[in-house]
Amino acid sequence: MPNTPDTLSSPTGWRLDHSYARLPQSFHVRVEPTPVPEPKMVLLNRPLAETLGLNAEALDDAAIFAGNALPPGAEPLAQAYAGHQYAHFTMLGDGRAILLGEQITPSSARFDIQLKGPGPTPFSRRGDGRAALGPMLREYIISEAMHALGIPTTRSLAVVSTGEKVWRQDGGLPGAVLTRVAASHIRVGTFEYAAARGEKADLQALADYTRRRHYPEVEGGYTALFEAVMERQAALIAKWMHVGFIHGVMNTDNMALSGETIDYGPCAFMDAYDPATVFSSIDRNGRYAYGNQAHIAQWNLARLAEAMLPLFHDDEKQAIEIANGLISRFEGRFKRHWLAGMRAKLGLFTEESDDTALIQSLLDWMRDTKVDFTNTFRDLTNGRIEPVEWHQRWSERLKRQPQSASEVTELMRRSNPAFIPRNHKVEEALTAASEQGDLNPMRRLLTVLAAPFDHTQDWPEFSEPSGLESYQTFCGT
Ligand code: AMP
Ligand code: MG
């Protein structure tokens, strides 16, 4: 996609284009943010702002990040989409988010600039279109941590408080608006929406747009596009597994075609290794449990394939056959990424057929002894050895590859984080910020999480597991 917006760069660095708005009418609705009484900057991501080409003047403006004023060239809209939420199909759309446009960066990359919590849209149904400060800060912390961990993700540019209360089950909470930056907000649910409306031309326009925007290198028909999407999802979920990340609400509207992690509601990082780990208060059957994420990704991709059937073949029966063939290859793709990452976590450069068994026996030991996932790999990295018998096998395996001990350590340090967002540290930072207005714990936490692979630091309070045995998370409404 040529990244030359019709608008020139403004003095503040805003350079917004609107390629999504040029999709057929059914995909978007123009809507203005609703002003808030008292916008105050709470967090601002200066390094990200710089990448986007925004200068200090642009950043001084809490009014813009609250939706009270629009940046030059903005054409705000809400996106239409559908989604399977816990396996139930629903028409959704941006009920509490407004896209201001796509910022073209100095290096000609294109990023959606979206306000989350800017007031009602035509898709708000009975919701208020608003967001509470706690969950928006939580998204900021976790998304920035994911970025530092090297995992594709939407980013957080700013959080402003609104001076207004939002009313939720637990009473009045301080309101906030988050500015989310994303490669795009095209979701599996966007395709489901187009398919449900039954306009093949619109579906095709969306698929062509997705290819131009995210997969320009992909040649061939729509099946090739689908395979490329599937490949990125397989890689993404494997990366989550490697750091113990549990998304928590992998509904199809929360799966981005770009391959970025999106929608930080009830997500959290696992402490003790257990594939059945679930934090979300509403996930009673463990649908989105840690160990079920690859399976759910495949399920979601099956919904995408279903939506794309008319693009695969004019004859439905043949289209279904093609889709089934494609989907059946997800598991193999995921396993390949998973195994590659696990080998790196154990310092393995070469491949042996017994590697899966070696990895699995470590994981089994971890589950049986309920040890911390992150710290076990951290200890192995730093020569603090635990499972004695297994360790023998691992050392022998390491000896069968040509790499030196220091090369092994180097690889392990790059592959095993020393610091992840520990649940109790996240909660502590959120409580201080939203109840006492004290941002210091948050700033400290963000600093630690910005360098997760720094094995030279020893900060026990940031590396100890939370001990919050029945930790629960909630959808960020
Ligand atoms: P999420 O749980 O953030 O993935 O949201 C699911 C759907 O509910 C999306 O369509 C949101 O736009 C909508 N939604 C969530 N919270 C609100 C709210 N406070 N007001 C209006 N719509 C909302
Ligand atoms: Mg969502």
Side-chain angles (χ1 to χ4, degrees), residues 27-29 31-34 36 66-67 76-99 112 114-140 142-143 153-154 156 159 162 164-193 196 246-258 260-268 279-283 287-288 296-297 300 303-304 472-477:
F27 288 105
H28 41 82
V29 181
V31 57
E32 301 280 324
T34 307
V36 299
L77 61 80
Q79 297 184 332
Y81 54 88
H84 276 84
Q85 302 189 302
Y86 283 89
H88 301 288
F89 183 77
T90 326
M91 288 298 210
L92 294 162
D94 286 333
R96 55 153 175 179
I98 291 178
L99 179 69
D112 276 13
Q114 190 203 60
L115 302 180
K116 202 168 165 181
T121 76
F123 303 110
S124 294
R125 292 171 288 173
R126 273 163 299 168
D128 57 4
R130 291 295 183 197
L133 180 59
M136 294 307 101
L137 293 175
R138 196 162 194 286
E139 171 153 349
Y140 190 110
I142 313 277
S143 62
T153 176
T154 64
S156 299
V159 175
T162 59
E164 198 174 62
K165 286 214 149 124
V166 296
W167 297 94
R168 297 293 181 262
Q169 271 164 339
D170 27 0
L173 302 169
V177 178
L178 170 91
T179 303
R180 177 157 71 182
V181 177
S184 87
H185 286 83
I186 305 164
R187 307 142 190 271
V188 169
T190 318
F191 279 78
E192 291 181 281
Y193 168 84
I246 304 170
H247 183 284
V249 60
M250 291 175 71
N251 295 330
T252 56
D253 55 302
N254 296 337
M255 185 183 262
L257 271 282
S258 63
E260 287 182 343
T261 312
I262 187 170
D263 222 310
Y264 292 89
C267 63
F279 292 115
S280 171
S281 60
I282 58 169
D283 190 2
R287 180 178 169 85
Y288 301 138
I296 290 294
N300 289 349
R303 303 290 77 73
L304 176 64
Q472 277 207 325
T473 55
F474 302 89
C475 284
T477 47

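Order of appearance sets the numbers: ligands from 1, and atoms from 1 within every ligand. Values in this document were obtained by computation on a predicted structure and should not be read as measured data.
If you look at Tyr81 next to ligand 1, the close heavy atoms, those under 4.0 Å, all belong to the side chain. The part of Asp94 lying near ligand 1 is the backbone, judged by heavy-atom distances below 4.0 Å. Counting heavy atoms closer than 4.0 Å to ligand 1, residue Asp263 contributes side-chain atoms (C-beta onward) but none from N, CA, C or O.
If you number the atoms of ligand 1 from 1 as listed, the ones under 4.0 Å from a heavy atom of Asp253 come out as 4 (O). Atoms of ligand 1 found under 4.0 Å from any heavy atom of Gly127, numbered from 1 in the order shown, are 20 (N), 21 (C). Interface atoms of ligand 1 facing Ser124, defined by a heavy-atom separation under 4.0 Å, are 21 (C), 22 (N). Counting the atoms of ligand 1 from 1 in the order shown, those under 4.0 Å from a heavy atom of Arg168 are 19 (N). Within ligand 1, counting atoms from 1 as listed, the ones closer than 4.0 Å to a heavy atom of Gln85 are 6 (C).
In this comparison of Arg96, Arg125, Arg130, Glu139, the heavy atom closest to atom 8 (O) of ligand 1 sits on Arg125. Which of Ala80, Gly93, Ala82, Gly95 comes nearest to atom 10 (O) of ligand 1 through a heavy atom is settled by distance: it is Gly93.
Side chains of Thr154 and Tyr264: no donor on one and acceptor on the other come within 3.5 Å. Between the side chains of Ser143 and Ser156, at least one donor N or O lies within less than 3.5 Å of an accepting N or O.
For the ligand labelled ligand 1, residue Gly265 lies outside the 4.0 Å heavy-atom shell.
Atoms of the protein (N, O or S only) found under 2.8 Å from the Mg ion (ligand 2) are Asn254 OD1, Asp263 OD2.
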